Student: 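Handing you this structure, nothing more for now.
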There are 2 protein chains.
Amino acid sequence: MGILSSKVVERLSFYRQLLLKYDNAQQSHVNSAQLSRLTGATQETIRRDLMLIGCQSLNIRKGYLVKDMVDCINKVLDPFELSRIALVGDNDAFTETLLYEYENRHIRLVAVFDFDTVNEAFCRNDMQRFHFDELHDTIRSLDIRLVILNVPGAFTCQTADILINAGVKGIINLSPVHLESKAIYVENLNIITAIEKASYFMKWRQYV
Amino acid sequence: MGILSSKVVERLSFYRQLLLKYDNAQQSHVNSAQLSRLTGATQETIRRDLMLIGCQSLNIRKGYLVKDMVDCINKVLDPFELSRIALVGDNDAFTETLLYEYENRHIRLVAVFDFDTVNEAFCRNDMQRFHFDELHDTIRSLDIRLVILNVPGAFTCQTADILINAGVKGIINLSPVHLESKAIYVENLNIITAIEKASYFMKWRQYV
DNA sequence: AAGCAACTGTTTATTAATTAACAGATCAAA
DNA sequence: TTTGATCTGTTAATTAATAAACAGTTGCTT
């Protein structure tokens, strides 16, 4: 199977997030119409996405088996081995999410870097807190490849340099300064752009 | 001029963020090749975007006048009147960004809601801190239409309900539970999806 | 003032993504 | 066992987005 497009990967991630809740609710099957209602994607898009990853319905009248679909998506999205990630610039909501809500055995938050002292509320033996000063050395010694960067824009570039220099290969950049790199993978989630986009479409669609 | 596509709006926001730094650096002109290098978009895409909003180069040999381009983008992206926004679930980096880095006279952070007590570091007379208990009443009395939702997934839906009920017309959802609404504008910036996407492409592009 | 170089503005072509359409398979009910 | 409703899997059509191509204009240089 070849590489999938960015949009397909996004949707697969989204389907799985929904299905994991479904699974807990003892719903054994799901069809494309139901998924369409939950996701906003059309039925055809969903079936096509599943076709691309070789996920087939075994019971054509009831739709897809939730467990099967999750397994198929797991095979595509989960890294081969444990991926240790770090959060640079604290955010209680993210920390809580990554530690307690995101139960993916293949991806785990192992370090949080901040200026502040330790926040006792979020301490586990498999997750440690560090001061910014320890950034380079800790990233290197823990062999962290993927980092969520959540610092004010004034620190974005210098922090990114430290990270790349310490061996990081992917940055999810939540800071308001756009990062661009050919050497590593960068995903910019720019809050300023999000606000301006929201304002624009709220104006046009006359929600306001 | 008609409504622009989501991608064009995103790029315009991005161009402006770059140009505002350019402007400070006393660079009077910029051409599409330079912008292309900074943004990753092709020259043609950039020229086409600018054409769409009626932004023209007055000096065809030097490229676009930075000031003019910013003015053109302002006209398209900035709301007619002051847009008061709120941050629900604190995040020091975002608060700092929105208060001190994002100097847009048309969009202003006026309220932060959190469980914690006041963080003295971020207090200004035009921005106030509130407890979650005050969410509904404060949103309504301050007439806030756009909110950044930054809470753990367990609280996403109930908080969104309160917000919508209080008159909010747009939510930028940073929590790990997808929101979908036909009544209001929703922009999901899902950190779980971002992580899974990054892992996927890092694997395929062999950055790891 | 003539010629050249640089960069835009716009049209046309190409590629990507989404939606529509429908044949085929299978389960359920009568 | 037959009929029919339902939902998939896949191909074809449409739409959206990007990239290429190039004519046209202007300023700079000689």
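From a predicted model like this one, the values you see are computed outputs, not experimental measurements. Every chain is numbered from 1 and lettered A, B, ... according to where its sequence line falls, protein lines coming before strand lines.
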Student: By nearest atom, which of the nucleotides C:dT19, D:dT8, C:dA17 is closest to the A:Thr45 side chain?
Tutor: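 Of all the options, the side chain of A:Thr45 is nearest to C:dT19.
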
Student: Can you check the A:Leu52 CG to C:dA17 P distance for me, whole Å?
Tutor: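 Going from A:Leu52 (CG) to C:dA17 (P), I get 11 Å.
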
Student: Expressed in angstrom and rounded to an integer, what is the separation of A:Lys7 atom NZ from C:dT19 atom C1'?
Tutor: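 So the NZ-C1' distance, A:Lys7 to C:dT19, works out to 14 Å.
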
Student: Verify the contact: side-chain N or O of A:Ser32 to OP1 or OP2 of D:dT8, cut-off strictly under 4.0 Å; return yes or no.
Tutor: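 Yes, A:Ser32 has a side-chain N/O under 4.0 Å of OP1/OP2 on D:dT8.
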
Student: With sequence neighbours left out, write down each residue that passes ring-ring contact (aromatic ring centres under 6.0 Å, His included) with A:Tyr15, or none if nothing qualifies.
Tutor: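 ring-ring contact (aromatic ring centres under 6.0 Å, His included) check on A:Tyr15 returns nothing, list empty.
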
Student: Quick one: list whatever passes side chain to side chain donor-acceptor pair (under 3.5 Å) with A:Glu10, sequence neighbours left out.
Tutor: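 By the side chain to side chain donor-acceptor pair (under 3.5 Å) rule, A:Glu10 matches B:Lys197.
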
Student: Rounded to whole Å, please give me the gap between CD1 in A:Ile46 and C1' in D:dT10.
Tutor: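 Computing the A:Ile46:CD1 to D:dT10:C1' distance gives 16 Å.
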
Student: Just to confirm, is there a sub-4.0 Å distance from OP1 or OP2 of C:dA6 to any side-chain nitrogen or oxygen of B:Tyr64?
Tutor: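 The answer is no; no side-chain N or O of B:Tyr64 sits under 4.0 Å from OP1 or OP2.
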
Student: Measuring from the side chain of B:Arg11 (C-beta onward, heavy atoms only), which nucleotide among C:dT18, C:dG9, D:dT18 has the closest atom?
Tutor: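 So the side chain of B:Arg11 is nearest to D:dT18.
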
Student: To the nearest 10°, let me know how far the axis at one end of the helix from C:dA1-D:dT30 to C:dA30-D:dT1 is tilted from the axis at the other, five pairs an end.
Tutor: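 Axis angle across the helix from C:dA1-D:dT30 to C:dA30-D:dT1, nearest 10°: 10°.
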
Student: Which nucleotide in the set D:dT8, D:dA19, C:dT8 lies at the smallest distance from any side-chain heavy atom of B:Ser57?
Tutor: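 So the nucleotide nearest the side chain must be C:dT8.
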
Student: Tell me the interatomic distance from A:Arg48, atom CZ, to D:dT15, atom P, rounded to whole angstroms.
Tutor: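 One finds 17 Å between P of D:dT15 and CZ of A:Arg48, rounded.
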
Student: Would you list the pairs meeting salt bridge (Lys or Arg N to Asp or Glu O under 4.0 Å) in which at least one residue belongs to residues 39-58 of chain B, sequence neighbours left out?
Tutor: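 Listed once each, the pairs are B:Arg11-B:Asp49.
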
Student: Could you check whether A:Lys75 pairs with A:Asp71 (Lys NZ or Arg NE/NH1/NH2 to Asp/Glu carboxylate O, under 4.0 Å)?
Tutor: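 Salt bridge: no.
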
Student: Could I get the full list of ring-ring contact (aromatic ring centres under 6.0 Å, His included) partners for B:His178, not counting sequence neighbours?
Tutor: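 For B:His178 the ring-ring contact (aromatic ring centres under 6.0 Å, His included) partners, ignoring immediate neighbours, are A:Phe14.
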
Student: Has B:Lys169 got its NZ or CZ under 6.0 Å from the middle of the six-membered ring of B:Tyr185, at an angle within 45 degrees of the ring axis?
Tutor: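 No - B:Lys169 does not lie over the ring of B:Tyr185 by the 6.0 Å and 45° rule.
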
Student: Using whole Å, report how far CE of A:Met51 lies from P of C:dC22.
Tutor: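 After rounding, the reported distance stands at 18 Å.
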
Student: Hey, mind stepping through A:Phe113 and A:Phe132 against ring-ring contact (aromatic ring centres under 6.0 Å, His included) and telling me if it holds?
Tutor: CA-CA 6 Å; A:Phe113 296 87; A:Phe132 268 131; 7.3 Å; no

Student: Take atom CG of A:Asp49 and atom P of C:dA16, then tell me their distance rounded to the nearest Å.
Tutor: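 Answer to the nearest Å: 17 Å.
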
Student: Atom CG of A:Leu65 to atom P of C:dT26: distance rounded to whole Å?
Tutor: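 Going from CG in A:Leu65 over to P in C:dT26 covers 16 Å.
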
Student: Is it true that the side chains of A:Asn173 and A:Thr156 contain a donor and an acceptor less than 3.5 Å apart?
Tutor: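 Their side chains do not contain a donor-acceptor pair, so the 3.5 Å distance test is not met.
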
Student: Do we see a donor-acceptor contact under 3.5 Å between the side chains of A:Thr42 and A:Thr45?
Tutor: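 Result is yes, a qualifying pair exists.
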
Student: Over how many whole Å does the gap from B:Leu35 atom CG to C:dG9 atom P extend?
Tutor: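 Atom CG in B:Leu35 sits about 13 Å away from atom P in C:dG9.
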
Student: Give B:Gln43 one of three labels, base, sugar-phosphate or nothing, depending on what nucleic acid heavy atoms sit under 4.0 Å from its own.
Tutor: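 Nothing: the residue B:Gln43, judged by heavy atoms under 4.0 Å, touches no strand.
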
Student: Using a cut-off of 4.0 Å between protein heavy atoms and nucleotide atoms, how would you tag nucleotides 22-30 of chain D 5' to 3' with B, S and -?
Tutor: B-BBBBS--

